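Each remark here refers to the structure printed beneath this line.
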Amino acid sequence: RERHRAKRRDGDREKKKRRKGRRRRASRAGEREDELQARHEKREAGRRKRAKNYQESEGRERDEEEQAQIKTGKTAKTKKNIKNEKTRKVEQEEGEAEERNAKGKKKHGSAKKEEKDEDGGKCAAKEKTQEVKKKKHKRKGADTLNSLSPEELEKLKEAVDERKKLIQGLRGKPWSMKKKLVTLRESQEFVEKYEGALGKGKGRKLYAYKVMMAKKWMKFQRDFENFKTACIPWEMKIKEIESHFGSSVASYFIFLRWMYGINMILFGLTFGLVMVPEALMGRPYGSIPRKTVPRAEEASAMDFAVLWDFGGYAQYSVLFYGYYNNQRAIGWLKFRMPLSYFLVGVGTVAYSYMVVIRTMARNANESGVGDDNSFNFSWKTFTSWDYLIGNPETADNKFASITTSFKEAILEEQESRKDDNIHLTRFLRVLANFLVLCCLAGSGYLIYFVVRRSQKFALDGLDTHTWWERNEVNMVMSLLGMFCPMLFDVISALENYHPRVALQWQLGRIFALFLGNLYTFIIALMDEINLKREEEKIVKFNITTWEASLYNSTVSENSTGPPITIQPADVPRGPCWETMVGQEFVRLIISDTMTTYITLLIGDFLRAVLVRFLNYCWCWDLEAGFPSYSEFDVSGNVLGLIFNQGMIWMGAFYAPCLPALNVLRLHVSMYLQCWAVMCCNVPQERVFKASGSNNFYMAMLLVILFLSTLPAIYTIVTIPPSFDCGPFSGKKRMFDVIQETLESDFPAWFSKVFSSASNPGLVLPFILLMVLAIYYLQSTSKSYKEANVELKKKLQTQNEENKKKNKRAALKAQMDLEEARKAASQTADSSQRLYHGKNRRNPPAPVREQGLPATRAPVPRNYHHGNHGAPGYLPGFPRQSEPRMHRVPSLQRH
Amino acid sequence: MGNKQTIFTDEQLDAYQDCTFFTRKEILRLHGRYHELAPHLVPMDYTNDPDCKLPLALIVNMPELKENPFRNRIVESFSEDGMGNLSFNEFVDMFSVLSETASRELKAIYAFKIYDFNVDNYLCKEDLEKTLNRLTKEELTPEEVELVCQKSIEEADLDGDNKLSFADFENMITRAPDFLSTFHIRI
C-alpha cells in the first residue's frame with residue numbers, strides 16, 4: 001500500500017512539473033542534446049527515481065519518443081545524426097493519430113475509473129506522454145490549420161465535439177479537482193482553437209455564429225440555473241433542521257415546500273386568470289343583484305363575526321363563485337370570463353395530476369430497485385448513517401437506533417421469532433381493529449349528525465345561535481382529526497407489532513379516518529345542495545310573480561313616466577348552492593389551520609415551556625420522565641398536509657380564493673413549524689427512514705387527489721348551475737360553456753369536426769385502443785420483471801459455482817502465491833508496467849503499435865506480473881474472477 | 001461579501017461551476033466556510049491559486065462533519081496526499097460529491113473509498129469491522145460484529161473472494177433505497 005501511495009504521489013508531482021514544463025517548452029529544443037547525453041545513465045539509475053525532478057522526467061519523455069523512433073525502422077546508431085528530421089516525422093504521424101488518441105484517452109478516463117485508482121501512477125504518466133504529444137499536435141495544428149483535408153476536418157470536428165461532451169460531463173468524473181480543472185482548461189483551449197477553424201468557406205460564418213450562439217446560450221443557461229437555485233426558498237432553514245433532526249424530519253419540510261410551490265402555481269392560475277380579470281374588467285360591485293349584499297343582510301355585512309364566517313361582503317366578492325357574471329366577454333380585452341373560469345378549474349386538476357404523477361415517476365427512478373431483502377446487512381452497514389446529521393443529540397439517537405436495528409436483524413437471523421401465546425396476540429389484534437372501526441364509525445356519525453344540525457341552524461338564521469353552534473361542523477371535524485389519532489396510538493399498543501408495521505397501520509387508520517370524515521362531510525353537503533335546489537325552485541317561482549307584480553304596478557301607476565329603477569340589493573335571489581359549498585370549504589380550511597396552529601402552540605410550545613421551567617420545582621424529572629418534550633410527528637404532519645391539499649382541490653372550483661388561502665397557510669406554517677421544531681421538539685428516538693416512504697406519501701396524495709376531484713367533477717357534470725349567480729348561470733350544465741365557445745368563437749367547420757370527432761363511433765375505438773395500449777405495456781413490463789428475476793437467479797447460481805471453483809482453486813492459488821512472492825521480491829520496474837497499462841488501454845492507435853514491441857520486449861517477466869495486479873492481493877484470487885466482477889453489474893442493470 | 005473584493009475571477013468561478021455541482025453563490029459560500037476554518041491561513045484572494053492546505057483536524061471540526069463517525073475517512077479520501085490535508089480545490093470537490101445533485105455512480109465511487117479504511121481497493125472484513133464499530137459506537141459484541149460482517153460479505157460478494165470489490169459494492173449500493181438520501185451533506 002505504501003508503495004502504491006508513493007507511486008501516486010510521484011505521479012502528482014510529475015503532473016505539476018509538467019505544467020511548469022509546458023511554459024518552458026519553447027526553450028526546450030536547445031536543451032535536447034544535453035538531455036540525450038544523460039539519458040543512458042539515467043535509464044540505468046532506475047526508472048522510479050527518475051520522476052523525482054524536472055530534468056529527469058523530461059528525460060523520460062524523451063526516452064519514449066526515442067523508442068518510438070527506433071521502432072519506425074531506423075537503427076539506433078544513425079539516430080543521433082538524423083534525429084531532428086526523425087522527430088519531426090514522428091511528430092507528424094503522431095499528429096494524425098492524435099485526434100483519435102485524444103478521444104480515446106478521455107474515454108479511458110471514465111471507463112476505467114477503478115483501474116485508475118490501482119495504477120494511479122501509471123495512469124498519470126501515461127496521460128502525460130499523451131499530453132506531450134497533444135501539445136506538439138497543437139503547435140503543428142496552428143501552422144497547418146488551413147491545409148486540412150475534409151477527412152481531417154471531420155476528425156477534428158469529432159474531436160472538438162468529444163471535448164465539448166467531456167466538458168459537460170466533467171463534474172460527474174471521479175477525478176481530483178486539480179485534474180478536472182486542468183482537463184477543463186485544456187479542453188477549452190482545444191475547443192477554442194479549433195472551433196473557429198472548422199467550417200470552411202461559406203459555411204464558416206454560419207458555423208462561427210452558431211458556436212457563438214451556443215456559448216451565449218450556455219452562459220444564459222448557467223445564469224438561469226444560478227437564478228433558479230437562488231429562488232428556492234428556506235434552503236438554510238431546512239438545512240439547519242436537517243442537521244438537527246436528520247433527513248426524516250427535513251423530508252417533511254421539503255414536502256411542505258414542494259406543496260407550497262404547487263399551490264403557488266394554482267394560485268397564479270386562479271388569481272391571474274379568474275380573480276383579477278373579474279375585479280378589473282367585470283362589472284363593479286353593486287351593479288347587479290349577484291354582486292350586491294341583499295338588503296336584509298346589509299346591516300351586519302361588515303361585522304367581523306360575519307366576515308370571519310366569509311359571509312356579508314366577503315361572500316359577495318371575487319372570492320366566491322356566486323359573484324361572477326355570466327356575461328360572455330368582459331372588458332376591452334373581450335376576456336371570455338365563463339370559459340376562463342371553467343378552463344382554470346379543469347387546468348387546476350390537470351396540472352395537479354401531472355405534477356404528482358411526474359414526481360412519483362422520478363422518485364421511483366431515483367429510489368433504485370430496493371425490492372428485495374437480499375442486501376439486508378450490507379445496506380444496514382453502508383447506508384444507515386445519515387450524513388446530514390450535525391447535532392450531537394441526534395447523532396446519539398442515531399447510534400442507538402442503528403445498534404438496535406442491527407441487534408434486531410441479528411436476532412431475526414438467528415431464529416425465527418417464536419410467538420408466545422399466539423391466541424392472545426390474535427385476540428388483541430382483532431379487538432384493536434374492532435375498536436378502531438368503532439372509532440371510525442362513531443366519528444362518521446358524529447359529523448353527519450353535526451352537519452344536519454347545522455343545516456337546521458342555518459334555516460333558523462345564524463344570528464340566533466352562539467359561536468359554537470355556528471362553527472360546530474368545522475370544530476368537530478378538527479377535533480376529531482386531532483384526538484382520534486391519539487386514540488389509535490393507544491389502541492395500537494395492544495397489537496404488539498414491530499414499530500415499522502405499527503407505523504403503517506397507524507398511517508392507514510388515520511388515512512381512513514380523514515377520508516371517512518371528508519366523505520361524510522361531502523355527503524352531508526350534497527344533502528344540503530339538494531335542499532337548496534328545492535328552495536331555489538320556490539324562489540324562482542316567487543321571482544316571476546314578483547316581477548310580474550312589479551311590472552303591473554309600474555304600468556298601472558304611470559305608464560308614460562320612466563320605469564322605477566330597483567336597487568339591486570332589493571331584488572330577491574336564489575340561494576346559490578355553489579357559493580355555499582365554497583364557503584363551507586373555506587371555513588373548513590380556516591378552522592383546520594387554526595386547530596393546527598393552536599395544537600402546535602399548546603401541545604409543543606406550552607408543554608416545552610412547562611417541562612423546562614417546572615422542572616426546577618417538581619418531584620420527578622420532567623424532562624426525562626413522563627411529559628418530556630414532544631417529538632416531531634412526521635407522518636401525522638404529512639397526512640395533515642395531504643388532506644388539507646385534498647380539500648383545496650375539492651373546493652377550489654367553487655371558491656377561487658382557496659389556493660390563495662392555502663399559500664398563506666403554508667407560508668405561515670413553514671415559519672411556525674420551523675420555529676417550533678427547533679425550539680420545542682427533541683429528535684426522534686425511533687428514527688424511520690424517510691426516503692423509502694417518499695413515494696408512499698406521494699401515492700397517498702394521488703389517491704386523495706383522485707378522491708377529491710371525484711365529487712367536484714360529479715357536481716360540475718350532473719347538477720345544473722344556479723339560475724342567478726355564477727359564470728354559468730342560465731346554462732343547463734356548466735360544461736355547456738365549451739360548446740358555446742365552439743359555436744360562436746370558432747369557424748363553423750371546427751365545431752363540425754369537433755362534433756363528429758366526439759361521436760361514439762370514434763370515441764369508443766379510441767378508448768379501446770388506449771386500453772389495449774395499457775394492456776400491452778403492462779404485459780411487457782411484466783415480462784421484463786420476469787426476465788429480471790431470471791437473471792437474478794442465473795447470477796446466484798453463477799455465484800455459487802464461482803465459490804465452488806474458488807475452493808478448488810485454493811490449492812493452486814497458494815502455489816501462485818509463492819510464485820508471486822518471488823516475482824514481487826524482484827523489484828518491479830514501474831515504467832515498464834506503465835507501458836503495459838498503455839498497451840491495454842488503447843490498442844487501436846497506430847502509434848502504440850509502433851511503440852509497443854520495443855517497450856515490451858526487454859521485460860517479459862514484468863508483463864506477466866502486471867497481469868496479476870499488485871502482488872498484495874494475489875492470494876486466493878484466481879485469474880478468471882476479475883473479468884467477471886466487471887461483467888456482473890452490467891448484467892443486472894440491463 | 002463578494003462585492004468588497006474579488007475572491008475568484010469570473011473564469012475561475014465558471015471553471016468551478018463546470019467541475020462541480022455548485023452554483024456561483026454556493027462556491028463563494030464554500031470559500032467563506034473554508035476561510036472561516038482558518039482565517040489567518042486562508043487568503044481571501046484566490047485569483048492566483050495560492051497553495052494552501054488545511055489539516056484534517058480543522059476540517060473535521062466543521063459542524064457538518066463533526067458528528068459523522070466517518071469524518072476522518074471522508075476527509076482523507078478526498079485529500080490528494082491521503083493524510084487529510086485539503087486544499088480549497090479538494091474541499092470543494094468533497095462537498096460537490098456529497099451534494100444532493102451528484103450522481104449515484106459518483107457517490108458510490110467515493111463511498112467505496114470512504115469505507116475502504118486500509119486503502120487496498122477492497123472492502124475486507126477489517127474494513128467492515130471498523131465501519132460497524134463506528135456506526136454502533138462499539139456496542140455490539142465481537143461475535144455480533146463477526147456475524148454481521150460475514151453476512152454482509154456473503155450478501156454482496158458476487159465473485160466469492162470473501163471481500164467486496166468496487167463492482168460488488170456498486171452493485172449493492174445502487175439498489176439501496178436510501179443511499180442517495182443519506183449520503184449527502186448540505187452545505
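Computed from heavy atoms alone, side chains included, the values below leave out hydrogens, waters and symmetry copies. It should be emphasised that the depicted structure is a prediction, and the values quoted were computed from it without experimental measurement. Just so we're on the same page: letters track the sequence lines, and every chain starts at 1.
At a 4.5 Å heavy-atom cutoff, the contact between B:Leu123 and chain A is made by side-chain atoms alone. Contacts between B:Phe112 and chain A at a heavy-atom distance below 4.5 Å are absent for every atom of the residue. When heavy atoms are compared at a cutoff of 4.5 Å, B:Leu164 approaches chain A solely by way of its side chain, counted from C-beta outward. For a residue to count as touching a neighbouring chain, one of its non-hydrogen atoms must lie under 4.5 Å from one of that chain's; by this rule B:Asp14 touches chain A with backbone and side chain alike. Interface residue B:Phe183: backbone and side-chain heavy atoms are both found under 4.5 Å from chain A. Only the side chain of A:Phe406 comes within contact range of chain B, with at least one heavy atom under 4.5 Å from a heavy atom of that chain. Both the backbone and the side chain of B:Thr20 come within contact range of chain A, each with at least one heavy atom under 4.5 Å from a heavy atom of that chain. The parts of B:Ala15 that come within reach of chain A are both its backbone and its side chain, each placing non-hydrogen atoms under 4.5 angstrom from that chain. For a residue to count as touching a neighbouring chain, one of its non-hydrogen atoms must lie under 4.5 Å from one of that chain's; by this rule A:Lys380 touches chain B with the backbone only.
In this structure, CD1 in B:Ile153 is found 9.5 Å from OG1 in A:Thr381, a value given to the nearest 0.5 Å. Between atom CD of residue B:Glu67 and atom CD1 of residue A:Ile389 there is a gap of 9.0 Å, rounded to the nearest 0.5 Å. Interatomic distance, B:Leu98 CG to A:Tyr387 OH, rounded to the nearest 0.5 Å: 7.5 Å. For the atom pair B:Asn68 CG and A:Lys398 NZ, the distance stands at 11.5 Å (nearest 0.5 Å).
One N or O on the side chain of A:Trp379 and one on the backbone of B:Met172 form a donor-acceptor pair closer than 3.5 Å. When atom types are taken as modelled, the side chain of A:Lys180 and the backbone of B:Cys19 share a donor-acceptor pair closer than 3.5 angstrom.
For B:Phe22, there are no ring pair (Phe, Tyr, Trp, His ring centres under 6.0 Å) partners at least two apart in sequence or on another chain. Judged as a ring pair (Phe, Tyr, Trp, His ring centres under 6.0 Å), and not counting sequence neighbours, the contacts of B:His31 are B:Phe8, B:Tyr46, B:Phe88. For B:Glu100, the side chain to side chain contact (heavy atoms under 4.5 Å, CB included) criterion is met by B:His184, B:Arg186, not counting sequence neighbours.
Contact tally against chain B (heavy-atom pairs below 4.5 Å) for A:Gln168, A:Glu235, A:Gln188, A:Glu225: the top residue is A:Glu235. Heavy-atom pairs under 4.5 Å with chain B peak, among A:Leu181, A:Asp223, A:Asp396, at A:Leu181. Per-residue counts of heavy-atom pairs under 4.5 Å with chain A were compared for B:Arg24, B:Lys66, B:Met94; the largest is that of B:Arg24. Considering only heavy-atom pairs separated by less than 4.5 Å from chain B, the leading option among A:Leu388, A:Asp386, A:Leu170, A:Ile402 is A:Leu388.
A salt bridge is defined here as a Lys NZ or Arg NE, NH1 or NH2 lying under 4.0 Å from an Asp or Glu carboxylate O, and A:Arg222 with B:Asp18 meets this definition.
For the residue pair B:Pro69 and A:Trp385, the shortest heavy atom distance occurs at CD-CE2, 3.2 Å.
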Next on the checklist: Working note: A:Phe227 + B:Thr23, criterion side-chain contact (heavy atoms from CB on, under 4.5 Å); need CA distance, chi angles, decisive distance, verdict.
Outcome noted: CA-CA 9 Å; A:Phe227 174 72; B:Thr23 61; over 6 Å; no
Checklist entry - ring-ring contact (aromatic ring centres under 6.0 Å, His included) between B:Phe169 and A:Phe382: does it pass, once the steps are laid out? => result CA-CA 10 Å; B:Phe169 182 77; A:Phe382 292 119; 5.2 Å; yes
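When the heavy atoms of residues 132-140 of chain B are compared with those of chain A, the residues falling under 4.5 Å are B:Leu132, B:Arg134, B:Leu135, B:Thr136, B:Lys137, B:Glu139, B:Leu140, listed by number.
At least one side-chain heavy atom of A:Met236 sits under 4.5 Å from a side-chain heavy atom of B:Arg29.
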